[in-house]
Colleague: 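What follows is a single structure, and I will ask about it in a moment.
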Amino acid sequence: MSYASDIADQTFKHTADVAIDSTDPFSICKTYDYGVKRVTMPNSTMGLSVRTNRCATIFLSDNLTDYQELLVLLHEVGHCRMHKNDSTPFMRSMMVGGWIPRIEREANEFAVRYMVDILKAQDIEITTTYGILQYFNLPESFNRFVFL
């Protein structure tokens, strides 16, 4: 299990303890008092998180599909939970391909692990990496972020 997966599991459990629906990523934001705003962004930018005076705000592109919004929101929550001293400038093209900076990799791992926790909470049994990627419409390159 990775650091990001552990934090995702802790976040899911805490959200389940205090929120009505821990499978709704917006419940996480309410639980941790993260602001969420939908804004117009360039096509290459899907979301970002900014922390000022210990307050975190997540900005989501207003032209995301439902699956993209889930991924980007969970990715940015991952930054807010794990990288509290950083503001993330952007997430370009879902950071797929070759080398990925550590904080982006951890945020991707957090997002995918939280998605797996959602499946478990909804009693949806998918036991393969490919099945998880397909269910959430994730690119194949995200297979490196799935830990079952």
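The chain is numbered in sequence order, starting from 1.
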Colleague: With sequence neighbours left out, what residues match T127 under side chain to side chain contact (heavy atoms under 4.5 Å, CB included)?
Modeller: E125
Colleague: Nearest 0.5 angstrom please: T129 OG1 to F145 CZ, how far?
Modeller: 12.5 Å
Colleague: What distance separates H75 NE2 from E104 CD, expressed to the nearest 0.5 Å?
Modeller: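 These two atoms lie 4.0 Å from each other.
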Colleague: Partners of S2 by side-chain hydrogen bond (donor to acceptor under 3.5 Å, both in side chains), sequence neighbours excluded?
Modeller: S5, E109
Colleague: Can you pull the side-chain hydrogen bond (donor to acceptor under 3.5 Å, both in side chains) pairs that have at least one residue in residues 21-40, sequence neighbours excluded?
Modeller: D21-T23, R38-E69, T40-D62
Colleague: How would you list, by chain and number, every residue that makes a salt bridge (charged side-chain N to carboxylate O under 4.0 Å, His left out) with K120, sequence neighbours excluded?
Modeller: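 K120: no salt bridge (charged side-chain N to carboxylate O under 4.0 Å, His left out) contacts found.
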Colleague: With ring-ring contact (aromatic ring centres under 6.0 Å, His included) as the rule and sequence neighbours excluded, what pairs involving residues 43-72 come up?
Modeller: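 For residues 43-72: none.
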Colleague: Nearest heavy-atom pair of F110 and L74: which atoms, and what distance?
Modeller: CD2-O, 3.3 Å
Colleague: So, for P139 and L133, which heavy atoms are closest and what is the spacing to 0.1 Å?
Modeller: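 What the structure gives for the nearest pair is O-CD2, 3.9 Å.
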Colleague: Using the test side-chain hydrogen bond (donor to acceptor under 3.5 Å, both in side chains), find all partners of T11 that sit at least two apart in sequence or belong to another chain.
Modeller: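 Checked T11 against side-chain hydrogen bond (donor to acceptor under 3.5 Å, both in side chains); matches are R81.
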Colleague: Mark yes or no for whether E76, through its side chain, and S49, through its backbone, hold a donor-acceptor pair below 3.5 Å.
Modeller: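 Checked: pair present.
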Colleague: Does D9 have any salt bridge (charged side-chain N to carboxylate O under 4.0 Å, His left out) partners at least two apart in sequence or in another chain, and if so, which?
Modeller: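 Listed in chain order: R113.
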Colleague: Tell me, please, which residues at least two apart from F12 pass ring pair (Phe, Tyr, Trp, His ring centres under 6.0 Å).
Modeller: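 For F12, the residues satisfying ring pair (Phe, Tyr, Trp, His ring centres under 6.0 Å) (neighbours in sequence not counted) are Y114.
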Colleague: To the nearest 0.5 Å, what is the distance between CG on L48 and CG on L60?
Modeller: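 Going from CG on L48 over to CG on L60, the span is 8.5 Å.
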Colleague: For D17, give me all partners under salt bridge (charged side-chain N to carboxylate O under 4.0 Å, His left out), at least two apart in sequence or on another chain.
Modeller: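 Here the qualifying residues are K13.
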Colleague: Can you list everything that forms a side-chain hydrogen bond (donor to acceptor under 3.5 Å, both in side chains) with S61? Sequence neighbours excluded, please.
Modeller: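 side-chain hydrogen bond (donor to acceptor under 3.5 Å, both in side chains) check on S61 returns N63.
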Colleague: Identify the two heavy atoms, one from I103 and one from H83, that lie closest to each other, and give their separation to 0.1 Å.
Modeller: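 For I103 versus H83, the nearest heavy atoms are O-CE1, 3.2 Å.
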Colleague: Say you draw a straight line from CZ of R51 to NZ of K84; how long is it, rounded to the nearest 0.5 Å?
Modeller: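 Reported value, rounded in 0.5 Å steps: 7.0 Å.
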